[in-house]
Amino acid sequence: MPLYKYSAPPFAKKYNKYNEVESPGLAVLVRRDGETVFKECYGLRDIAAKERVNYDTAFRLASVSKQFTATCIAILEERGALSSEDHIAKYFDDLPNYMKDIKIRHLIHHLSGLPRYEEDLWSFDRNKPMLTNESVYSYYQKAKHLQFNAGDKHDYSNGGYTLLALLIEKISNQKFPDFLNDNIFTPIGMSKTFVFGHSNSNSNSNSNSNSNSNTNYSESYSEWPFFEPMSFNTGNMLYGEDGVYSSINDIELWLHALENNLLLGNFMTTKLFSHTQTNSNERVDYGYGWFQDEIFKYKMVLHTGEWLGFNSVIARIPSKNLWFAALSNSLAINSCRALEDMASHYLE
């Protein structure tokens, strides 16, 4: 990937302050009409080591990871390995009876009615064991009922995407990170992208430190002015709902692949960004890992993510053929505010 040099837009001048002090970092990207028109990095990926963010620095994407999980489902759907209308009981032999009506599409679009597990399982206590996707499934096995009938309404569910990762493993006979590597990351050249802890999946690591061979990954930090390292939560090892680290260079490749149908045919790529509906035909503005929203009165598809200081956003404005991405390793640097800065300039 060549080293890009652009004439920085006026809004980007305020980001230079992250280079002038020992500050956490930010990586931003703008694509228009299939070409990258702005890409830059600011600040530090590791404050203690004083190492700067660069184009290949991997940030934790948090819930932006969901679009990769949903694309895996779309790949299997296009191959005929599953239907989004399949009940998940077809793939989970020991599924509790109260979950029998849940379909794959209910998990994709957050229509499942699954109870929230986070308050009961996530913890900052380093003496507690790391959670696995199977831990979340076990939690659901012990639960008694859904919050509402599957398909009745939209309610964002991390656990639903944790189950999708398990379902992908059952159908593909591969570990989810391996399926991601073989079907998305490697084919389009995302060599700096990985799932946290995959090369040592049984690790009981107490930090965000990645056991993958890539050492150019970002640490995460609290807000200004202390910038304290933020590393541990028992949910660090979960994947499907979270877990993907990626660089701004690799996000560029990801957007190029979506623009050019490199992973899916046109029909299924379009489906990624489409809305759906509830049982009562109420519109649901969430596709395959993409929300539908507006910015400055323009229709937009996007997903945001936040975890232990990391915060990220990828967004698309279809009518203007614009893509934006922003990755940050501290809540002191707001990726969604960077999105607004970029959108304001390029929609002017």
Side-chain angles (χ1 to χ4, degrees), residues 6 9 11-12 14-15 25-42 55 59-71 74 108-110 154 156 161 184 188 190 193 241-242 244-261 263-264 269-276 284-307 310-329 331 333-348:
Y6 303 108
F11 70 83
K14 65 182 178 181
Y15 301 150
L26 173 72
V28 291
L29 169 73
V30 182
R31 285 178 66 80
R32 180 170 56 196
D33 298 328
E35 299 290 338
T36 296
V37 295
F38 179 58
K39 180 170 62 171
E40 196 52 83
C41 304
Y42 307 88
Y55 295 126
F59 292 76
R60 189 164 189 146
L61 300 184
S63 284
V64 174
S65 303
K66 290 181 173 69
Q67 60 195 234
F68 295 102
T69 306
T71 299
I108 295 169
H109 303 294
H110 301 289
H154 173 85
Y156 191 84
Y161 269 70
I184 297 181
I188 62 176
M190 296 175 69
T193 303
E241 65 179 77
D242 183 8
V244 173
Y245 275 69
S246 191
S247 69
I248 204 69
N249 265 352
D250 278 9
I251 294 300
E252 182 180 19
L253 294 172
W254 168 236
L255 302 186
H256 174 76
L258 292 172
E259 291 166 340
N260 294 280
N261 300 337
L263 296 169
L264 294 162
T269 299
T270 301
K271 192 173 181 179
L272 296 180
F273 305 108
S274 300
H275 65 271
T276 189
V284 174
D285 286 327
Y286 192 95
Y288 279 54
W290 296 91
F291 283 101
Q292 296 187 10
D293 205 340
E294 288 188 357
I295 188 168
F296 306 128
K297 298 183 179 180
Y298 288 92
K299 291 184 178 179
M300 170 178 65
V301 294
L302 80 160
H303 213 296
T304 61
E306 182 181 317
W307 182 253
F310 287 111
N311 62 104
S312 56
V313 61
I314 299 178
R316 175 193 181 206
I317 300 176
S319 65
K320 296 296 183 180
N321 206 10
L322 277 165
W323 287 95
F324 306 101
L327 313 176
S328 171
N329 61 344
L331 295 179
I333 304 174
N334 190 311
S335 59
C336 287
R337 194 163 299 144
L339 165 63
E340 292 177 357
D341 291 340
M342 292 185 287
S344 177
H345 175 79
Y346 286 98
L347 290 170
E348 189 175 47

Atom [atom1] in [X], atom [atom2] in [Y]: separation rounded to 0.5 Å?
X: Asn261; Y: Thr269; atom1: CG; atom2: OG1; value: 4.0 Å
X: Ser319; Y: Leu347; atom1: OG; atom2: CG; value: 7.5 Å
X: Leu327; Y: Ile333; atom1: CG; atom2: CD1; value: 11.5 Å
X: Phe291; Y: Lys66; atom1: CZ; atom2: NZ; value: 8.5 Å
X: Arg316; Y: Asn321; atom1: CZ; atom2: CG; value: 7.0 Å
X: Met300; Y: Trp290; atom1: CE; atom2: CH2; value: 11.0 Å

Quiz: residues 335-342 side-chain donor-acceptor pairs under 3.5 angstrom, not counting sequence neighbours:
| from | atom 1 | to | atom 2 | distance (Å) |
| --- | --- | --- | --- | --- |
| Ser335 | OG | Asn311 | OD1 | 2.9 |
| Ser335 | OG | Ser312 | N | 3.3 |
| Asp341 | OD1 | Lys14 | NZ | 3.2 |
| Asp341 | OD2 | Lys14 | NZ | 3.0 |
| Asp341 | OD2 | Tyr15 | OH | 2.6 |

| query | So Phe68 and Trp254, would you call those rings parallel, tilted or perpendicular, with 30° and 60° as cut-offs? | reply |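 Answer is tilted, since the angle falls between 30° and 60°.
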Are the side chains of [Y] and [X] in contact, using a 4.5 Å heavy-atom criterion?
X: Thr36; Y: Leu255; result: no
X: Arg60; Y: Asp242; result: yes
X: Tyr42; Y: Val28; result: yes
X: Asp285; Y: His154; result: no
X: Val64; Y: Val244; result: no
X: Ile248; Y: Glu40; result: no

Could you pull out the closest heavy-atom pair between [X] and [Y], with the gap in Å?
X: Tyr161; Y: Tyr288; value: OH-C, 4.3 Å
X: Ser63; Y: Thr304; value: CB-O, 3.5 Å
X: Thr193; Y: Ser247; value: OG1-N, 4.4 Å
X: Leu272; Y: Ala74; value: CD2-CB, 3.8 Å
X: Thr270; Y: Ser274; value: O-OG, 2.9 Å
X: Arg32; Y: Leu322; value: CB-CD2, 3.6 Å

| Partner of Trp323 by side chain to side chain contact (heavy atoms under 4.5 Å, CB included), out of Leu258, Ile251, Leu29 |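 With Trp323 as partner, Leu258, Ile251, Leu29 yield a single side chain to side chain contact (heavy atoms under 4.5 Å, CB included), made by Leu258.
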| message | Does atom NZ (Lys320) have a neighbourhood of more than 12 heavy atoms from anything else shown, all under 6.0 Å? | response |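 12 or below, so no.
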| Step by step, would you call Thr69 with Glu241 a side chain to side chain contact (heavy atoms under 4.5 Å, CB included)? | CA-CA 8 Å; Thr69 306; Glu241 65 179 77; over 6 Å; no
| field | salt bridge (charged side-chain N to carboxylate O under 4.0 Å, His left out) partners of residues 289-304, not counting sequence neighbours, each pair once | value |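 Every candidate salt bridge (charged side-chain N to carboxylate O under 4.0 Å, His left out) pair involving residues 289-304 fails, so no pair, neighbours aside, qualifies.
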| field | Check: Gly287 main-chain N/O paired with His109 side-chain donor or acceptor under 3.5 Å | value |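 Yes; judged by distance alone, with no hydrogens or angles, the pair exists.
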| request: Before giving the answer on ring pair (Phe, Tyr, Trp, His ring centres under 6.0 Å), spell out for His303 and Tyr286 the whole-Å C-alpha distance, their side-chain angles and the decisive distance to 0.1 Å. | output: CA-CA 10 Å; His303 213 296; Tyr286 192 95; 5.7 Å; yes
